[in-house]
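Read through the structure below, which is laid out as structure tokens, and then see the notes.
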Amino acid sequence: MEKKTKLNENGYLIFEDSGKLVHRWVAEKKYGKDRIEGKQIHHVDGHKTHNHHTNLLLIDKEDHYNLTQKENKDKFILRIIMFLSISSL
């Protein structure tokens with residue numbers, strides 16, 4: 001049985017029965033509950049309702065703030081791409 005979701009006041013999908021944010025639930029399944037504790041979950045494409053695990057990035061709060069700031073966005077994305085390129089070696 002599929003769980004029902006709805007949009008919260010901030011535009012994020014939540015589960016109707018628990019109020020839990022869907023993107024945090026997906027990230028928990030991908031990374032593990034311990035790894036997401038105290039972290040932000042960033043929607044890479046900027047769409048708050050696109051909660052596929054490939055669109056979610058686990059990130060520190062400060063880095064998430066910097067990423068969402070328009071003047072730093074391009075520079076930060078380049079750093080992420082460089083990190084992902086290096087880490088895939």
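Hydrophobic clustering, with ILVMFWY side chains joined whenever heavy atoms are under 4.5 angstrom apart, groups Leu56 together with Leu58. Residues Val22 and Ile36 share a hydrophobic cluster, clusters being chains of Ile/Leu/Val/Met/Phe/Trp/Tyr side chains in contact below 4.5 Å.
Between Leu21 atom CG and Ile41 atom CD1 the span is 10.0 Å, to the nearest 0.5 Å. Rounded to the nearest 0.5 angstrom, Lys61 NZ and Ile59 CD1 are separated by 13.0 Å. Taking CG of Leu13 as the reference point, atom CG of Asn10 lies at 12.5 Å (rounded to 0.5 Å). Considering CD of Gln40 and CG of Leu57, their distance stands at 11.0 Å, rounded to 0.5 Å. Atom CG of Asp45 and atom CG of Asn55 lie 3.5 Å apart (nearest 0.5 Å).
With ring centers used as reference points, His23 lies under 6.0 Å from His43.
Between Lys39 and Asp60 a salt bridge is recorded (basic side-chain N to carboxylate O distance below 4.0 Å).
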- Item | Test log, rule side chain to side chain contact (heavy atoms under 4.5 Å, CB included), inputs Ile14 and Lys6 | CA-CA 6 Å; Ile14 61 171; Lys6 65 179 181 179; 3.8 Å; yes
Test side chain to side chain contact (heavy atoms under 4.5 Å, CB included) applied to Asp17 and Lys3, step by step = CA-CA 8 Å; Asp17 61 349; Lys3 289 189 171 197; 4.0 Å; yes
Note to self: One pair to check against side chain to side chain donor-acceptor pair (under 3.5 Å): Thr49 and His47. What are the steps and the verdict?
What the structure shows: CA-CA 6 Å; Thr49 59; His47 298 281; over 6 Å; no
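Lys4 places no side-chain N or O within 3.5 Å of a backbone atom of Glu16 that could act as its donor or acceptor partner.
By the side-chain contact (heavy atoms from CB on, under 4.5 Å) test, Lys20 pairs with Phe15, Ser18, Trp25, Glu28, sequence neighbours left out.
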